[in-house]
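Step one of this worksheet: look at the structure below.
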4 protein chains.
Amino acid sequence: MSRRPNTAQRRSEIVQALLATMAEYGYEKSTIQLIAQAAGLAPGLLHYHFKTKGEILVELVRTLAQLSLQRYHALAANAATPDARLHAYLHARLGKGDGADPRAVAAWVVIGAEAVRLPEVRAVYQEAIGAEKALLEDLLGACLAERGKSLEGVAPLAAALLAMMEGAFQLASAAPGSMPDGYAAPMARQLVDSHLAAG
Amino acid sequence: MSRRPNTAQRRSEIVQALLATMAEYGYEKSTIQLIAQAAGLAPGLLHYHFKTKGEILVELVRTLAQLSLQRYHALAANAATPDARLHAYLHARLGKGDGADPRAVAAWVVIGAEAVRLPEVRAVYQEAIGAEKALLEDLLGACLAERGKSLEGVAPLAAALLAMMEGAFQLASAAPGSMPDGYAAPMARQLVDSHLAAG
Amino acid sequence: MSRRPNTAQRRSEIVQALLATMAEYGYEKSTIQLIAQAAGLAPGLLHYHFKTKGEILVELVRTLAQLSLQRYHALAANAATPDARLHAYLHARLGKGDGADPRAVAAWVVIGAEAVRLPEVRAVYQEAIGAEKALLEDLLGACLAERGKSLEGVAPLAAALLAMMEGAFQLASAAPGSMPDGYAAPMARQLVDSHLAAG
Amino acid sequence: MSRRPNTAQRRSEIVQALLATMAEYGYEKSTIQLIAQAAGLAPGLLHYHFKTKGEILVELVRTLAQLSLQRYHALAANAATPDARLHAYLHARLGKGDGADPRAVAAWVVIGAEAVRLPEVRAVYQEAIGAEKALLEDLLGACLAERGKSLEGVAPLAAALLAMMEGAFQLASAAPGSMPDGYAAPMARQLVDSHLAAG
DNA sequence: AATGAATGAGCATTCATTCAT
DNA sequence: AATGAATGAATGCTCATTCAT
């Protein structure tokens, strides 16, 4: 008699389609037509499942943020010590292969720029950044605690590492040839290890 | 009887206007009308001085890259040692005040995202990043040489610092409240100092 | 074993929903989705009971016309003289309270404008206006006959009163604050009474 | 060197084009394309001279209101007595021929319905109605004063006449065949004359 | 009868670019 | 050099209607 809702499935398809187009065309040039085509759906249907194009973007931000956390948790499952967990984190975020998706990285860079001007995007972007920062502070704090050191400098250290990660995404997407191969994860590890040893 | 050309002046005014609008509206939403208004010029005049809107953007990228180098050179004028020059560089790029322009930072973030999809922008963006990276490698190399150390690891270290700087711009523009105040320049210095000491 | 059809009930619900939305949004902006929501029905169901949106409008015109006549007959039931019947009519159409529905009045105004351009609506609208005019001519004619006067001027008089009524609806819906409170029914009565006395 | 603005001229052309299309298609169906075509202009140009379609409508309301007053003043120029001026007014508003424009009447009816739902339209519509009502009260007041009568009942009388006029426009546009030919102006005159004589 | 997803044409609006003056 | 009007394609969004379930 009635028809089963399939909204969740469709919404996810649409968000994935935006991810794909945004990595190639940016947000503004990812037209509804283009996204619909990438999703294999009729254009009008996108506005049935999302009120505005901006809502698709916001959901994409949420999806990518969640994905990032999931990837860490998967890699950190077997990490026994604070240092191992920190390394797992840096590898999850900066390592190549193992589910690293250049499209997702490029889309994240575009999102970062949209967050500069779109309040709704900025809100969810900041939420994601805040969660990431809190996690990183926890990880660094555990490493410091194990060494019997003060937690005082943990906030700026986490901030600097976060910046390094975001910048690595930026440069990987916009100036790929200019960067050494696979520098990010090992270098981040070395820098933080030296700092923890010295501090 | 002909009046003297003021093209250079006008072009500069237009580029500055784009800088201003892009920080607030992004590139796509910085319409010719809006840029003209910000510059106090008639819309039609912009296409007299620039063939396309994209050309204004490319010139803006060049202008900002040049500005960044100038700021370093101004601050490094009195730096006598390699370490002093490196610190001057990090301060020039990450320090607050002293000519740090939030609008320019925001515009640079937007440019980074446009570089992902626009080949002409990517070209000049990579050129700027390449120059910055070369400068940074020089500075780091001099510090290592002074300590009698190998130059082997200089490329990834420069890359990591470059990433940290770009990421700091990103986060300063899109998630300002989330970051500790004035963390970037000191933390970058500490990390590189520890690394140079340990390496 | 088949359930009993409830088509008549559903059609009425849908028409009432259009009445409600049209008073607030007009006809064009009363979307099928909106009407369905106001009726508490699924959108698809509206096209099961009505072939097109226009058909709902036509049925609404008929419903309102019928309602108007019913209201007069209810109020005129106890009127013994021609003058009493005329007064009952004017009160039924122009009086406040007693079932006067501002939404119905507003909807009727909107219908009047749609009748300007939609032939199917104009047809039923004119039918309703014609019936109203005939009734009014009958009522006025009886008053004149009772006074032993000629029926000659009855048509323009009925037309003028009809116009006054329609205009009162218009102004009540679109410029409510501008009109004196409860002016319409008494003033119409006075004007027609003076005219019958003088004519 | 510079180009002379022609905005006033263009705006007027566009408003006239809306007047023409609205009489035939209503407001919602008067698409920008259609209005542009009626004005002989490119569609995009309409949004150069008006920010939104609604603004064109608002200007049309103002234009029609002004026109109505002008028509009265032209006809009343030679009226020496209060009664002559009142008759000139009724003739200006209800008389056929002499610049009576069926398209303007139909457009006014459509405007009246749009005023029900669009606040910006309602505002200017009410302003126009208010001005008309004030003028009518002045005219009626002068007639009463000349007869040495109280001005007490002037407000509802003006309101009733205003309603009659608006209703006459409505019926002339939506049910033309149903009304007697040229009934409105003479009948309005008779009704008000009887009333003034009797009151 | 009923549901809610799906379609696609149509809409107001935006905007880079052109051009007459 | 400069102005501001003009163009027309493109875009996000709306919506009556259809249809599989």
Side-chain angles (χ1 to χ4, degrees), chain A residues 1-7 9-11 28-36 40-56, chain B residues 2-7 9-10 28-36 40-56, chain C residues 2-7 9-10 28-36 40-56, chain D residues 1-7 9-11 28-36 40-56:
Chain A
M1 197 174 195
S2 67
R3 190 173 168 166
R4 272 182 261 142
N6 62 344
T7 313
Q9 165 69 11
R10 281 280 181 265
R11 282 176 69 98
E28 290 292 333
K29 294 294 181 187
S30 285
T31 67
I32 292 286
Q33 292 274 349
L34 210 51
I35 303 168
L41 301 173
L45 194 54
L46 271 65
H47 280 96
Y48 181 81
H49 292 290
F50 289 92
K51 202 144 58 186
T52 66
K53 188 182 159 190
E55 276 187 11
I56 313 179
Chain B
S2 72
R3 53 184 123 168
R4 98 187 92 100
N6 59 351
T7 304
Q9 166 69 9
R10 282 278 181 264
E28 291 291 334
K29 293 294 182 186
S30 286
T31 68
I32 292 287
Q33 295 274 346
L34 209 53
I35 302 167
L41 301 173
L45 197 53
L46 272 64
H47 277 92
Y48 180 83
H49 292 289
F50 291 92
K51 197 145 61 185
T52 67
K53 189 183 160 189
E55 277 186 10
I56 313 179
Chain C
S2 72
R3 49 186 125 169
R4 97 188 92 103
N6 58 350
T7 304
Q9 165 70 10
R10 282 280 181 262
E28 291 290 335
K29 294 293 181 186
S30 286
T31 67
I32 293 286
Q33 295 273 347
L34 209 52
I35 303 168
L41 301 173
L45 196 54
L46 271 65
H47 277 92
Y48 181 84
H49 292 289
F50 291 91
K51 198 146 60 186
T52 67
K53 188 183 160 189
E55 277 186 9
I56 312 178
Chain D
M1 198 174 196
S2 67
R3 189 174 171 165
R4 272 183 264 144
N6 63 344
T7 314
Q9 165 69 12
R10 282 280 182 265
R11 282 176 68 97
E28 290 291 335
K29 294 294 183 186
S30 286
T31 67
I32 293 286
Q33 292 273 348
L34 210 51
I35 303 168
L41 300 173
L45 195 53
L46 272 65
H47 280 95
Y48 182 80
H49 292 290
F50 289 93
K51 201 143 60 186
T52 66
K53 190 183 159 190
E55 275 186 12
I56 312 178

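Letters A, B, ... are given to chains in the order of the sequence lines, protein chains preceding strands, and every chain is numbered from 1. For clarity, every value in this text was computed on a predicted model and none was experimentally measured.
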- Task: Figure out the CZ/P separation between A:R3 and F:dC19, and round it to whole Å.
- Result: 12 Å
- Answer yes or no: does a side-chain N or O of A:T52 lie under 4.0 Å from OP1 or OP2 of F:dG12? no
- Message: At 10 degrees resolution, what angle do the end axes of the helix from E:dA2-F:dT21 to E:dT21-F:dA2 form when each is taken over five base pairs?
- Response: 10°
- To the nearest Å, give me how far apart CG (B:L41) and P (F:dG4) are. 11 Å
- Query: Rounded to the Å, how far apart are A:Q33 CD and F:dC13 P?
  - Reply: 13 Å
- Rounded distance (Å) that lies between atom P of E:dA5 and atom CZ of A:R11: 12 Å
- Message: Strictly distance-based, threshold 3.5 Å: is any side-chain N or O of A:R11 a donor or acceptor partner for the main-chain N or O of A:H49?
- Response: yes
- Any side-chain N or O of D:R10 less than 4.0 Å from the OP1 or OP2 oxygen of F:dA6? yes
- Indicate yes or no for a side-chain donor-acceptor contact from A:K53 to the backbone of A:S30 under 3.5 Å, with no hydrogens or angles considered. yes
- Between atom OG1 of B:T52 and atom CD1 of B:I32, what is the distance when rounded to the nearest 0.5 Å? 8.5 Å
- Query: Reckon D:K29 touches a base, only the sugar-phosphate, or nothing at all at heavy-atom distances under 4.0 Å?
  - Reply: nothing
- Rounded P spacing from F:dT21 to E:dA1 in Å: 23 Å
- Message: So, does B:H47 get its side chain near the phosphate of E:dC19, meaning an N or O under 4.0 Å from OP1 or OP2?
- Response: no
- Item | C:I35 CD1 to C:L46 CG distance, which is reported to the nearest 0.5 Å | 6.0 Å
- Among E:dA2, F:dT17, E:dA12, which is the nearest nucleotide to the side chain of D:I32? E:dA12
- Indicate whether OP1 or OP2 belonging to E:dA1 is found under 4.0 Å from a side-chain N or O atom of C:N6. yes
- Assert: residue with more 5' nearest nucleotide on DNA chain F, out of D:A42 and B:T7, is B:T7
- Message: Taking 4.0 Å as the cut-off, does a side-chain nitrogen or oxygen of C:T31 come that near to OP1 or OP2 on F:dT14?
- Response: no
- Query: Taking atom CG of B:L34 and atom NZ of B:K29, what is their separation to the nearest 0.5 Å?
  - Reply: 11.0 Å
- Query: Of all the nucleotides listed (F:dA2, F:dA6, E:dT3), which has the minimum atom distance to the side chain of B:H49?
  - Reply: F:dA2
- Item | Nearest-angstrom distance from the residue atom CZ of A:R4 to C1' of E:dT3 | 13 Å
- Going from CZ on D:R3 to CG on D:N6, what distance comes out if it is rounded to the nearest 0.5 angstrom? 6.5 Å
- By nearest-heavy-atom nucleotide on DNA chain E, the more 5' of A:G44 and B:L45 is A:G44
- Message: Please compare C:Y48 and D:E28 by the position of their nearest nucleotide in DNA chain E and report the one closer to 5'.
- Response: C:Y48
- Item | Rounded distance in Å - CD1 (D:I35) to C1' (E:dA12) | 10 Å
- Message: What is the separation between atom CD on D:Q9 and atom P on F:dG4, rounded to the nearest whole Å?
- Response: 18 Å
- Query: In whole angstrom, what separates B:L46's CG from E:dC19's P?
  - Reply: 17 Å
- Query: Of all residues at least two apart in sequence or in a different chain, which pass the side chain to side chain donor-acceptor pair (under 3.5 Å) check with D:Q33?
  - Reply: none
- Task: May I ask you to test the D:T7-D:R10 pair for a side-chain heavy-atom distance under 4.5 Å?
- Result: no
